[in-house]
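Presented below is the structure to which this report refers.
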Amino acid sequence: MRNGDDLEGFDGEASSTSMISGTSSPYQPTTEPVSQRRGLGGLRCDLDYLRGTFGKIKLAEVVLALIAFICIETIMECSPCEGLYFFEFVSCSALVVTGVLLLMFSLNLHTRIPQINWNLTIFGFLAMAVYAVNTYLAVKKWRMNSRQQSSRQTSDYIRARTESREVDHHPEIQRLDA
């Protein structure tokens with residue numbers, strides 16, 4: 001048990017004189033300067049990124065996606081609207097995703113979020129781009145085959161119609177109206 005002499009200057013907190021001036025005190029003033037925070041929580045716009053190649057490309061992507069979205073929203077009427085809805089979805093998604101990426105890279109948030117492996121994220125976006133090219137080529141091939149098939153069906157139909165009119169040239173075929 002402690003006696004009263006040990007508790008002298010103790011009010012439930014450490015004595016301010018022992019913290020500041022005592023050589024045996026573990027509380028020493030810091031020698032590192034406190035950095036001044038600029039902006040909101042230390043966030044600053046990285047103008048070097050925006051002036052660089054990648055920043056200019058991201059800005060162009062955001063502007064083009066915004067223009068595409070505005071153009072699609074000005075259409076008042078459409079008869080087959082499926083393509084219109086798909087384009088609206090794609091342009092809006094591109095605007096949101098590219099805008100978020102531009103914000104992240106221009107504010108250097110990618111360096112402040114260490115939980116995300118950015119190298120894997122980049123490879124994920126590259127894989128997505130390869131899938132997009134694959135989808136484009138598949139749709140292009142499907143349309144080409146569809147056109148060839150419809151032209152083949154049309155030519156078969158026309159050939160059948162002309163052959164049916166040429167019954168007189170084939171005596172083996174009997175006419176029903178005769």
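For the single chain, residues carry numbers from 1 onward in sequence order.
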To the nearest 0.5 Å, tell me how far [X] [atom1] sits from [Y] [atom2].
X: K58; Y: M104; atom1: NZ; atom2: CE; value: 10.0 Å
X: C78; Y: Y85; atom1: SG; atom2: OH; value: 5.0 Å
X: L107; Y: C45; atom1: CG; atom2: SG; value: 6.0 Å
X: R44; Y: D46; atom1: CZ; atom2: CG; value: 9.0 Å

Quick check: is [Y] connected to [X] through a chain of hydrophobic side chains (ILVMFWY, heavy atoms under 4.5 Å apart)?
X: V62; Y: L47; value: yes
X: I57; Y: L64; value: no
X: L66; Y: L59; value: yes

Mind listing the side-chain donor-acceptor pairs of residues 87-103 below 3.5 Å, one per line with the distance, residues two or more places apart or on another chain?
residue	atom	partner	partner atom	Å
S91	OG	F87	O	3.1
S91	OG	E88	O	3.1
S93	OG	F89	O	2.8
T98	OG1	A94	O	2.7

Query raised in the report: Of all heavy-atom pairs between R51 and K56, which one has the smallest distance, and what is that distance?
Result: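 Smallest heavy-atom distance, with atoms named: O-CE, 3.0 Å.
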Tell me, do L84 and I72 make a side-chain contact under 4.5 Å, heavy atoms counted?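 In contact.
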Query raised in the report: Would you say F105 and F54 make side-chain contact, with heavy atoms under 4.5 Å?
Result: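 Of all side-chain heavy-atom pairs linking F54 with F105, none is under 4.5 Å.
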Q | Those residues that, when tested against N134, pass side-chain contact (heavy atoms from CB on, under 4.5 Å) (two or more places apart) | A |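 N134 satisfies side-chain contact (heavy atoms from CB on, under 4.5 Å) with no other residue.
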Got a sec, which residues hit side-chain contact (heavy atoms from CB on, under 4.5 Å) with L137, two or more places apart in sequence or on another chain?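 Partners of L137 by the side-chain contact (heavy atoms from CB on, under 4.5 Å) criterion, ordered by chain and then number, come out as V133.
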